[in-house]
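A short write-up of the structure that comes next.
First the proteins, then the strands, lettered A, B, ... as listed; each starts at 1.
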Amino acid sequence: AQKVTQAQTEISVVEKEDVTLDCVYETRDTTYYLFWYKQPPSGELVFLIRRNSFDEQNEISGRYSWNFQKSTSSFNFTITASQVVDSAVYFCALSSTRGYQKVTFGTGTKLQVIP
Amino acid sequence: DVKVTQSSRYLVKRTGEKVFLECVQDMDHENMFWYRQDPGLGLRLIYFSYDVKMKEKGDIPEGYSVSREKKERFSLILESASTNQTSMYLCASSLRGENNEQFFGPGTRLTVL
């Protein structure tokens with residue numbers, strides 16, 4: 001069975017602070033994919049990033065960066081210089097390569113950026 | 001602009017009613033998904049379809065059924081709605097393959113009285 005744990009239920013930061021959202025996963029697969037999605041107050045989840053299990057390079061996209069560490073089964077997401085528009089629920093997800101393409105989501109981290 | 005649309009944003013039904021939630025995507029995606037989202041539980045997969053007329057149970061299929069007669073449309077059916085099915089229901093679609101991101105609809109907030 002696969003599992004995704006987002007231990008932080010809610011985080012509040014003041015605008016311009018950096019914030020890291022944690023994601024820890026469990027899977028028996030050797031090949032798998034990890035995702036982050038953002039759910040703004042409007043409700044529609046939006047894809048942010050995908051990473052496959054063979055690519056441990058960190059990725060940076062503007063103010064967003066992701067740190068994938070297979071040794072600790074973690075795929076953490078950092079927002080640098082947070083803005084009010086970053087306020088949302090963020091979900092980490094894991095995709096299995098076995099059987100059908102089932103995706104397991106974490107419980108989400110609600111980020112509030114205070115102006 | 002690619003889209004996943006859901007038939008209703010808000011729905012109120014009574015216990016025992018049969019409820020249909022419709023989802024349509026215009027991206028020619030093979031995969032379609034139904035999730036429910038509850039506070040503290042994240043997104044849980046109810047059913048998944050990888051092709052027309054094909055379906056697979058997710059983690060919580062009890063009390064639900066699905067129908068996929070056309071590629072673009074995936075329906076979730078509550079045969080006899082119960083109060084514990086009050087939730088936010090999210091539909092998503094993706095291209096075939098475990099490495100493809102899912103595109104989500106805006107969700108349907110269902111209340112069962």
Is the closest basic N to carboxylate O distance between B:Lys71 and B:Asp51 below 4.0 Å? no
Pair A:Glu56 + A:Lys70: basic N to acidic O under 4.0 Å: no
Salt bridge check: are B:Arg36 and B:Asp38 linked by an N-O gap of less than 4.0 Å? yes
Under 4.5 Å from any heavy atom of chain B, what part of A:Tyr37 do you find: side chain, backbone, both or neither? side chain
Heavy-atom distances under 4.5 Å only: say whether B:Arg9 touches chain A with side chain, backbone, both or neither. side chain
Which atoms of A:Gln39 come close to chain B, meaning under 4.5 Å heavy atom to heavy atom: side chain ones, backbone ones, both, or neither? side chain
At a 4.5 Å cut-off on heavy atoms, which part of B:Leu41 comes close to chain A: side chain, backbone, both, or neither? backbone
Mind checking who shares a hydrophobic cluster with B:Ile77, ILVMFWY linked at side-chain heavy-atom distances under 4.5 Å? B:Phe20
I'd like to check B:Lys18 versus B:Ser80 (side-chain heavy atoms, cut-off strictly below 4.5 Å). Are they in contact? no
At a heavy-atom separation under 4.5 Å, does A:Ser42 approach chain B through its side chain, its backbone, both, or neither? backbone
